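All values derive from a computational prediction rather than experimental measurement.
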Amino acid sequence: MKYYFPFGETVKPLVQEDRTPKKVFVLGVYASAVHARWMNGTSTKCNALAVASEPRIFWDGNPKEAATIVSRIKIPKELGTLEPADERFNGPSAKVLHEHILAPWGFTRKDAWLCDLLPETRLNDGQVNAIKREYDKVRKEYGLNEVTIPKRPSKFCDSKRCEEIIAELEESKAELLVLLGDIPIKQFLNVVANVNCKSLQEYKECHGYGVPTDVVINGKSIKVLPLAHPRQIGGLGSHSGNWYKAHQEWELHRH
């Protein structure tokens with residue numbers, strides 16, 4: 001089934017493109033999107049409206065790429081213009097991944113196989129509200145498409161998806177599995193492996209923050225490293241100061 005963004009772009013799954021063997025496998029939650037600022041004259045209709053799938057998994061928000069993607073999206077001139085959103089709205093998780101997760105281990109993106117529980121974007125409450133407030137009220141008048149992207153779910157991964165992720169993990173040949181936050185622990189690791197820790201907090205209490213442990217997945221042993229979600233690590237928007245501090249201390253000890 002196809003899902004549509006405001007102004008017509010379709011949602012595309014984001015998966016690892018370079019499928020050569022990697023040193024580390026990173027498992028996140030769900031894909032993000034390219035965000036645009038919607039202007040009408042001097043009025044800002046929306047500072048960061050999701051308008052397209054990212055060009056690749058864990059996209060870094062490259063401004064030139066953002067401008068190219070946003071420029072191809074056509075909107076009625078009466079509704080104003082789209083321009084790339086402020087840089088903090090595009091690719092923040094990838095920047096955290098590169099600088100604060102991979103780099104402290106001496107890895108670059110080329111060393112990593114990237115994966116999400118759900119390889120497509122979904123709408124958070126802020127996006128749902130912006131669409132209702134600004135887009136839906138003019139949609140019929142201007143013949144715009146309906147936005148059909150589902151809302152952010154509570155469950156991102158079923159048993160079939162877990163099997164697909166295991167297959168990717170084995171294909172990657174990675175010896176280290178990094179889990180970003182509680183959700184990959186609860187919805188993947190706790191499903192496919194026999195582990196005592198059910199959350200990041202429990203891992204921290206049992207082993208310390210950022211300490212890899214040996215886990216058996218599909219009959220094979222692998223080092224598993226649960227870390228905070230990039231939102232916490234980077235202090236992005238609403239976040240936990242405790243996890244932010246824990247990760248900063250971990251980084252200091254890695255250098």
Enquirer: If you round to the nearest 0.5 Å, how far is CG of Leu179 from CD1 of Ile183?
Expert: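 Taking CD1 in Ile183 and CG in Leu179, the distance rounds to 12.0 Å.
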Enquirer: Just by modelled atom types, is the Glu78 backbone N or O under 3.5 Å from a matching donor or acceptor in the Asn40 side chain?
Expert: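 Side chain of Asn40 to backbone of Glu78: a pair is present.
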Enquirer: Check Asp125 with Lys151, please: is the shortest side-chain N to carboxylate O separation under 4.0 Å?
Expert: yes
Enquirer: Near Lys173 NZ, under 6.0 Å, is it more than 12 heavy atoms from other residues, nucleotides or ligands?
Expert: no
Enquirer: Donor-acceptor pair, distance only, cut-off 3.5 Å: does the side chain of Trp38 make one with the backbone of Leu79?
Expert: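 Confirmed, Trp38 side chain pairs with Leu79 backbone.
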Enquirer: Drop me the distance from Ser221's OG to Asp214's CG, to the nearest 0.5 angstrom.
Expert: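 Rounded to the nearest 0.5 Å, the OG-CG separation comes out at 4.5 Å.
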Enquirer: From the options Glu168, Gln16, Glu164, select the one residue that forms a side chain to side chain contact (heavy atoms under 4.5 Å, CB included) with Cys115.
Expert: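 Single pass found, and it is Glu168.
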Enquirer: Does Glu205 have more than 12 heavy atoms from other residues, nucleotides or ligands lying within 6.0 Å of its CD?
Expert: yes
Enquirer: Does the pair Ile185 and Asn190 meet the rule for a side-chain contact (heavy atoms from CB on, under 4.5 Å), with working shown?
Expert: CA-CA 6 Å; Ile185 296 172; Asn190 288 171; 4.1 Å; yes
Enquirer: Going through the checks in order, is the ring pair (Phe, Tyr, Trp, His ring centres under 6.0 Å) test met by Phe7 and Tyr135?
Expert: CA-CA 9 Å; Phe7 304 113; Tyr135 184 82; 5.1 Å; yes
Enquirer: Return yes if some donor-acceptor pair links the side-chain N/O of Gln187 with the main-chain N/O of Leu117 below 3.5 Å, else return no.
Expert: no
Enquirer: How long is the span from the OH atom in Tyr209 to the CD atom in Gln248, to the nearest 0.5 Å?
Expert: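 Answer rounded to 0.5 Å: 10.5 Å.
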Enquirer: Go through it in stages, so that I can follow the logic: the residues are Leu14 and Asp116, the test is side-chain contact (heavy atoms from CB on, under 4.5 Å), and I'd like the CA-CA distance, side-chain angles, deciding distance and then a yes or no.
Expert: CA-CA 8 Å; Leu14 301 180; Asp116 281 314; 5.8 Å; no
Enquirer: Identify the heavy atoms of Pro92 and Leu236 that sit nearest to each other, and give their distance.
Expert: CB-CD1, 3.8 Å
Enquirer: Taking the side chain from His35 and the backbone from Phe89, do they hold a donor-acceptor pair closer than 3.5 Å?
Expert: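 Yes: the side chain of His35 pairs with the backbone of Phe89.
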Enquirer: Is the shortest side-chain N to carboxylate O distance from Asp18 to Lys110 below 4.0 Å?
Expert: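 No.
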Enquirer: Is Asp158 paired with Lys160 through a side-chain N to carboxylate O contact shorter than 4.0 Å?
Expert: no
Enquirer: Apply side-chain contact (heavy atoms from CB on, under 4.5 Å) to Glu54 and Arg56, showing your working.
Expert: CA-CA 5 Å; Glu54 293 185 323; Arg56 68 192 65 88; over 6 Å; no
Enquirer: Side-chain contact, heavy-atom cut-off 4.5 Å: Phe5 with Ser53?
Expert: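 Of all side-chain heavy-atom pairs linking Ser53 with Phe5, at least one is under 4.5 Å.
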Enquirer: Tell me, do Leu227 and Trp250 make a side-chain contact under 4.5 Å, heavy atoms counted?
Expert: yes
Enquirer: May I ask you to decide whether Lys95 forms a salt bridge with Glu99, counting only side-chain N to carboxylate O separations under 4.0 Å?
Expert: no
Enquirer: Does a side-chain heavy-atom distance below 4.5 Å link Ile131 with Leu49?
Expert: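 They are in contact (side-chain heavy atoms under 4.5 Å apart), so the answer is yes.
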Enquirer: Going by an N to O cut-off under 4.0 Å, is there a salt bridge joining Lys140 and Asp136?
Expert: no
Enquirer: Could you tell me if the side chain of Leu27 sits less than 4.5 Å from the side chain of Leu180, heavy atoms only?
Expert: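 Counting from C-beta outward, Leu180 and Leu27 never come under 4.5 Å.
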Enquirer: Tell me whether Arg72 is salt-bridged to Glu9, with the criterion being a basic N under 4.0 Å from an acidic carboxylate O.
Expert: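 Here Arg72 pairs with Glu9 in a salt bridge, since their nearest N and O are under 4.0 Å apart.
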Enquirer: Could you check Cys162 against Ile165 for side-chain contact (heavy atoms from CB on, under 4.5 Å), going step by step and ending with a plain yes or no?
Expert: CA-CA 5 Å; Cys162 283; Ile165 294 169; 5.7 Å; no
Enquirer: Is the Trp105 ring parallel, tilted or perpendicular to the Phe107 ring (thresholds 30°, 60°)?
Expert: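 It falls in the parallel class, under 30°.
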Enquirer: Charged N to carboxylate O under 4.0 angstrom, Glu141 versus Arg139?
Expert: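 No.
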Enquirer: Is any side-chain heavy atom of Leu123 closer than 4.5 Å to one of Val147?
Expert: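 With C-beta onward as the side chain, the pair touches.
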Enquirer: To the closest 0.5 Å, what do you measure between CZ (Arg152) and OH (Tyr30)?
Expert: 5.0 Å
Enquirer: For the pair Ser172 (side chain) and Phe25 (backbone), establish whether a donor and an acceptor sit closer than 3.5 Å, ignoring hydrogens and angles.
Expert: no
Enquirer: Taking Lys22 for its side chain and Val24 for its backbone only, find out whether a donor-acceptor pair lies under 3.5 Å.
Expert: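 No; zero donor-acceptor contacts below 3.5 Å.
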Enquirer: Is there a donor-acceptor pair closer than 3.5 Å between any side-chain N or O of Asn124 and the backbone N or O of Gln127?
Expert: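 Answer holds: yes.
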Enquirer: Quick test of your reading of the model: are Glu171 and Arg19 salt-bridged, counting only N-O distances below 4.0 Å?
Expert: yes
Enquirer: Count the heavy atoms of every other residue, nucleotide or ligand shown that sit under 6.0 Å from CG of Asn196, and state whether that count exceeds 12.
Expert: no
Enquirer: Looking at Trp59, is its backbone amide N or carbonyl O close enough to the side chain of Glu65 to form a donor-acceptor pair, meaning the two atoms are under 3.5 Å apart?
Expert: no
Enquirer: Decide yes or no on side-chain hydrogen bond (donor to acceptor under 3.5 Å, both in side chains) for Gln232 and His247, but give the supporting numbers first.
Expert: CA-CA 9 Å; Gln232 316 289 0; His247 193 87; over 6 Å; no
Enquirer: Treat each ILVMFWY residue as a node, draw an edge where side-chain heavy atoms are under 4.5 Å apart, and state whether Val178 and Leu118 are in one component.
Expert: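 Yes, one cluster joins them.
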Enquirer: Can you name the closest pair of heavy atoms from Gly8 and Asn145 and give their distance?
Expert: N-OD1, 2.8 Å
Enquirer: Flag the pair Val34 / Pro55 as yes when at least one side-chain heavy-atom distance between them is below 4.5 Å, and no otherwise.
Expert: yes
Enquirer: How many angstroms lie between atom CG of Leu189 and atom OG of Ser199, to the nearest 0.5 angstrom?
Expert: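 If I round to the nearest 0.5 Å, the distance is 11.5 Å.
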Enquirer: Assess whether salt bridge (charged side-chain N to carboxylate O under 4.0 Å, His left out) is satisfied between Glu175 and Lys220, documenting all intermediate values.
Expert: CA-CA 10 Å; Glu175 297 181 353; Lys220 298 175 183 178; over 6 Å; no
Enquirer: Rounded to the nearest 0.5 Å, what separates atom OG1 in Thr213 from atom NZ in Lys223?
Expert: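 Thr213 OG1 to Lys223 NZ: 8.0 Å, rounded to 0.5 Å.
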